[in-house]
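Working notes, structure below.
All chains are named by letter (A, B, ...) in the order of the sequence lines, taking the proteins before the strands, and each is independently numbered beginning at 1. Quick note: numbers below take in every heavy atom, side chains included, and nothing from hydrogens, waters or symmetry partners.
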There are 2 protein chains.
Amino acid sequence: MVKNGKDCSTEEKILEAAKKVFITKGMAGARMQDIADEAGINKALLHYYFRSKDKLFETIFAQIAQRFLPRINDIFNSELSINEKIEAFCKEYIDNVLKNPFIPLFVINEMNKQPEGFVKKLFGNEKPQLDKFITQINNAVKKQEIKQVHPLQLIINTMALCVFPFLAKPIIQWVSGMNQTEFRAMLEDRKKSVPQFIIHSIKN
Amino acid sequence: MVKNGKDCSTEEKILEAAKKVFITKGMAGARMQDIADEAGINKALLHYYFRSKDKLFETIFAQIAQRFLPRINDIFNSELSINEKIEAFCKEYIDNVLKNPFIPLFVINEMNKQPEGFVKKLFGNEKPQLDKFITQINNAVKKQEIKQVHPLQLIINTMALCVFPFLAKPIIQWVSGMNQTEFRAMLEDRKKSVPQFIIHSIKN
DNA sequence: ATAATGTTTAACCATTTGGTTAACAAAATT
DNA sequence: AATTTTGTTAACCAAATGGTTAAACATTAT
């Protein structure tokens, strides 16, 4: 069968549709029929390409995990300075999530529903390598280059500041009255303002 | 009927059970049977006390909203200084959520599923009153008491730092290897460390 | 005692939902 | 051109699920 150019293969259409529906309604709330409709195909085709709802879900999830995590790991393992790492992380993270804004909610959700299974699936049984970054921070603290700060707390804070706007988008938009474009602009801005915020708070 | 002391009325048992199940499985994933089992009663009793799944959900949600929001509003409308407000907010917020750790996920979730309806239900059609706090910040910026900072961004950052650990608990625990007690201690600590973090980052 | 009211249960029902089947269409292979 | 393989669909099925009903049980009022 000749693939029709761009949004070609049924498989891709399904994956795109499934992503959309899964994030909108959650894994449990998503209906195979919804996904089929969204993809503009018959429901049985879903089962032809991906045997079950769970398989479909897993496929999408695997894609996400493999796309996101290595680049983050690379940054923390690089030879950059603390400040540079924070800047690189925020840029990389926000950039990536801007392309797939549904991921944070998706991950947080499944994470909380299947704590053991999902976390292991996400990280493939080996934890993210933060050792280098952690010792880097501890050293900087000793040398009094930065304030006394627990490395893990710094990492949590950095993550928090990057992810939260994506999770809380509806509230933020409603409270602030931002439209889509303005909201996106704000996120763009945060690629720079968040690292600044963090760096200010730890610098001596 | 004489209520049997503490975990008495069936109604309360249902509400407790429903909270637990709703947060664990999400609104869509929660099964009435699960809730009934968790409460140790018959499924039909759920419908006797709360007519439908939606009603039950709404009841729980209303409880939460009414308990949380006013106190936050009070803080931002008070005569405290910026730093004091940030400190008060973080303490109040983390304290409250420590009592009901499931709320953030719950809110974020429903928020994203029913953007219009839920946000309005949560805030009862009137946005939180941030005006006073915002002008307070703008004034401080003018007087160069604090760094140039967009008030909304500051609020978002504060929220982010308070909520995120609750949302990401499973990952954090897994990555850091903290047990329940240690995790709770960390949250206790953040009641003080988060305000410090924020205040450091904005002070001139 | 008994009626009336409130609480709880088992059995049941209609609908929804993930998944299957068999038939049909379109490519690819021979 | 014939046939095998791949892609697609409509109709169907069994299980799960939210919700109902009628009857049993308990509690209080008469």
Open item on the list: To check you understand the geometry: which heavy-atom pair defines the closest contact between A:K53 and A:A28, and what is its length?
Closed with: NZ-O, 3.7 Å
Task: Whole angstrom value for the distance that separates C1' of D:dT6 from CD of A:E11 - done: 13 Å
TODO: Report the distance from atom CG of B:L56 to atom P of D:dG18, rounded to the nearest whole Å.
DONE: 11 Å
TODO: Could you check B:H200 against A:K203 for side-chain contact (heavy atoms from CB on, under 4.5 Å), going step by step and ending with a plain yes or no?
DONE: CA-CA 9 Å; B:H200 279 151; A:K203 81 163 175 219; over 6 Å; no
Check the interface with nucleotides 22-25 of chain C: list each N/O to N/O pair with the protein under 3.5 Å, or write none.
none

Open item on the list: Working note: B:I14 + B:I41, criterion side-chain contact (heavy atoms from CB on, under 4.5 Å); need CA distance, chi angles, decisive distance, verdict.
Closed with: CA-CA 8 Å; B:I14 293 177; B:I41 53 148; 3.7 Å; yes
Open item on the list: Applying side-chain hydrogen bond (donor to acceptor under 3.5 Å, both in side chains), can you list everything that pairs with B:N96, at least two apart in sequence or on another chain?
Closed with: B:E92
Task: Nucleotide D:dA10, atom C1' - distance to OH of A:Y48 in whole Å - done: 17 Å
Task: Integer-rounded Å distance: D:dG7 P and A:L46 CG - done: 15 Å
- [ ] Determine the minimum heavy-atom distance between B:L161 and B:F197, stating which atoms define it.
- [x] CD1-CD2, 3.8 Å
TODO: Grab the CG-C1' distance between B:D34 and D:dA16 for me, whole Å please.
DONE: 11 Å
- [ ] Please state how far atom CD1 in A:I14 lies from atom C1' in D:dT8, giving the value in whole angstrom units.
- [x] 11 Å
TODO: Indicate whether OP1 or OP2 belonging to C:dT7 is found under 4.0 Å from a side-chain N or O atom of B:T10.
DONE: no
- [ ] Indicate whether OP1 or OP2 belonging to C:dT8 is found under 4.0 Å from a side-chain N or O atom of B:Y49.
- [x] yes
TODO: Can you tell me which stems involve DNA chain C, if a stem is defined as three or more consecutive Watson-Crick or G-U wobble pairs, both distances under 3.5 Å?
DONE: C:1-30 with D:1-30
Task: Sidechain N-carboxylate O distance under 4.0 Å for B:E79, B:K132 - done: yes
- [ ] On the 0 to 90° scale, with breaks at 30° and 60°, tag the B:F133-B:F76 ring pair as parallel, tilted or perpendicular.
- [x] tilted
Open item on the list: Please enumerate all residues that pass side-chain hydrogen bond (donor to acceptor under 3.5 Å, both in side chains) together with A:Q129, with sequence neighbours excluded.
Closed with: A:N77
TODO: Could you tell me whether the side chains of A:Q173 and A:Q180 share a donor-acceptor contact shorter than 3.5 Å?
DONE: yes
Open item on the list: Please enumerate all residues that pass ring-ring contact (aromatic ring centres under 6.0 Å, His included) together with B:Y93, with sequence neighbours excluded.
Closed with: B:F89
- [ ] Using atom CG of B:L45 as one end and atom P of C:dT8 as the other, report the distance to the nearest whole Å.
- [x] 5 Å
TODO: Go through the steps to decide whether B:T10 and B:Y48 satisfy the test side-chain contact (heavy atoms from CB on, under 4.5 Å), and finish with yes or no.
DONE: CA-CA 11 Å; B:T10 318; B:Y48 176 75; over 6 Å; no
Give me the distances for all protein-to-nucleotides 18-20 of chain C N/O pairs that come in under 3.5 Å?
| unit_1 | atom_1 | unit_2 | atom_2 | d |
| --- | --- | --- | --- | --- |
| C:dG18 | OP1 | A:A30 | O | 3.2 |
| C:dG18 | OP1 | A:R31 | NE | 3.4 |
| C:dG18 | OP1 | A:K53 | NZ | 3.2 |
| C:dG18 | OP2 | A:M32 | N | 3.0 |
| C:dG18 | N7 | A:K43 | NZ | 3.2 |
| C:dG19 | OP2 | A:H47 | NE2 | 3.3 |
| C:dG19 | OP2 | A:K53 | N | 2.6 |
| C:dG19 | N7 | A:K43 | NZ | 3.1 |
| C:dG19 | O6 | A:K43 | NZ | 2.4 |

